[in-house]
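Input: a single structure, listed below in structure tokens.
Sequential numbering from 1 along the given sequence is applied to the chain's residues. Every heavy atom of this structure was used, including side-chain atoms; hydrogens, water molecules and symmetry mates were not.
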Amino acid sequence: MGTPRLSSTPLPGIGVRYDLTTREQRRISVVAHRDGGRTLSAYRKDDPDACALSVRLSAGESAALIDALLPDHHSPSLLSTTELGLVAERIELSSVSHWNGRLLGETHMRTETGVSIVAVLRRAEAIPSPAPDFRLAGGDTLIVIGTREGVESAATILGRE
């Protein structure tokens, strides 16, 4: 069984295209758009340059597909777990979120859940250790660290519309 071949190509102003050639010599590509969306394309076996299927996925749909492709014991948003019972996860702020345009400090996240927001990912930028006066925006991905229960509470609070 051969090793899958994966290559990447920067697409200026769009994102990055990843091309995978499978062991059966089938070609699949994923375009990771700057807005967090993905385009999944599969190419014909008899003509690897002819696209047989192309599907545009939102960031949430991409995460759901990743869930389906990964083993049950793996969470795609789970970044790490330690023996101390702490986890780090990514929580995406929806564009219709109650917190869109509000200050991070207004969430009272640490007081309410014990969770720390250690970074915010916005488009292609990472903002480490955001201060309480940091203004949240729809589409932001917050990196949070805390107990499993605290992270779940944080996701509920941040999911408020």
Side-chain angles (χ1 to χ4, degrees), residues 1-82 86-100 107 109 113 115 117-128 130 136-161:
M1 179 162 39
T3 304
R5 294 187 320 248
L6 182 67
S7 64
S8 64
T9 306
L11 302 172
I14 297 170
V16 177
R17 185 182 77 215
Y18 298 93
D19 293 300
L20 172 71
T21 302
T22 70
R23 63 188 164 131
E24 296 174 348
Q25 299 305 304
R26 298 294 304 261
R27 211 172 116 233
I28 301 169
S29 72
V30 175
V31 175
H33 297 272
R34 291 175 48 175
D35 66 2
R38 303 288 188 263
T39 300
L40 173 66
S41 300
Y43 298 87
R44 292 180 27 186
K45 189 172 188 173
D46 62 338
D47 183 356
D49 292 325
C51 187
L53 171 74
S54 185
V55 180
R56 173 71 186 219
L57 303 170
S58 69
E61 291 165 338
S62 297
L65 182 58
I66 289 169
D67 277 344
L69 294 171
L70 290 174
D72 290 339
H73 66 276
H74 187 279
S75 168
S77 58
L78 186 65
L79 298 175
S80 64
T81 304
T82 69
L86 296 176
V87 295
E89 287 202 19
R90 300 169 190 252
I91 300 174
E92 185 172 342
L93 203 63
S94 106
S95 60
V96 295
S97 171
H98 167 79
W99 304 107
N100 188 5
T107 67
M109 193 59 57
T113 68
V115 165
I117 298 172
V118 297
V120 175
L121 307 177
R122 181 175 286 165
R123 295 185 190 96
E125 179 182 13
I127 299 101
L136 296 168
D140 283 352
T141 299
L142 285 69
I143 308 298
V144 300
I145 294 181
T147 63
R148 167 59 49 209
E149 296 79 20
V151 167
E152 289 172 3
S153 295
T156 299
I157 291 169
L158 293 168
R160 180 177 164 200
E161 293 184 0

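Contact between Ser62 and Leu57 at its shortest, heavy atoms only, is OG-CB, 3.6 Å. Counting all heavy atoms, side chain and backbone alike, Ala137 lies closest to Asp140 at N-OD2, 2.8 Å.
Considering NE2 of His98 and CG of Asn100, their distance stands at 10.5 Å, rounded to 0.5 Å. Taking OG of Ser58 as the reference point, atom NE2 of His33 lies at 11.5 Å (rounded to 0.5 Å). The structure places CD1 of Ile143 at 10.0 Å from CD of Glu89, a figure rounded to the nearest 0.5 Å. Rounding to the nearest 0.5 angstrom, the gap separating the OH atom in Tyr43 from the CG atom in Leu20 is 12.0 Å. Taken to the nearest 0.5 Å, the OG1 atom of Thr141 stands 10.0 Å off from the CD1 atom of Ile91.
Panel note: side chain Arg38, backbone Gly36; a donor-acceptor pair is recorded below 3.5 Å. A donor-acceptor contact shorter than 3.5 Å links the side chain of Thr22 to the backbone of Arg26. Proximity of a side-chain donor or acceptor of Asp47 to a complementary backbone N or O of Arg44 within less than 3.5 Å is not detected. Checked by atom type and distance alone, the side chain of Trp99 pairs as donor or acceptor with a backbone atom of Ile157 at under 3.5 Å.
With a 4.5 Å cut-off on side-chain heavy atoms, Val30 and Arg17 do not count as touching. Side chains of Leu65 and Leu40 form a contact here, defined as non-hydrogen atoms less than 4.5 Å apart. Considering only heavy atoms from C-beta on, Ser41 stays 4.5 Å or farther from Ile28 through its side chain. Using a 4.5 Å heavy-atom cutoff, the side chains of Met109 and Val144 are not in contact. Annotation: side chain of Arg27 is in contact with side chain of Asp19 (closest heavy-atom distance under 4.5 Å).
For residues 52-66, the pairs satisfying salt bridge (Lys or Arg N to Asp or Glu O under 4.0 Å) are Asp35-Arg56, with sequence neighbours left out.
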List, one per line, each side-chain donor-acceptor pair under 3.5 Å for residues 6-15, sequence neighbours excluded.
none

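At a cut-off of 3.5 Å, with distance as the only test, no side-chain donor of Thr113 or Ser153 sits close to an acceptor on the other residue.
The side-chain contact (heavy atoms from CB on, under 4.5 Å) test with Leu142 singles out one residue from Val118, Ile117, Leu121, Thr107, and that residue is Ile117.
In this structure Ser94 satisfies the side chain to side chain contact (heavy atoms under 4.5 Å, CB included) test together with Val96, Ser97, Glu161, sequence neighbours excluded.
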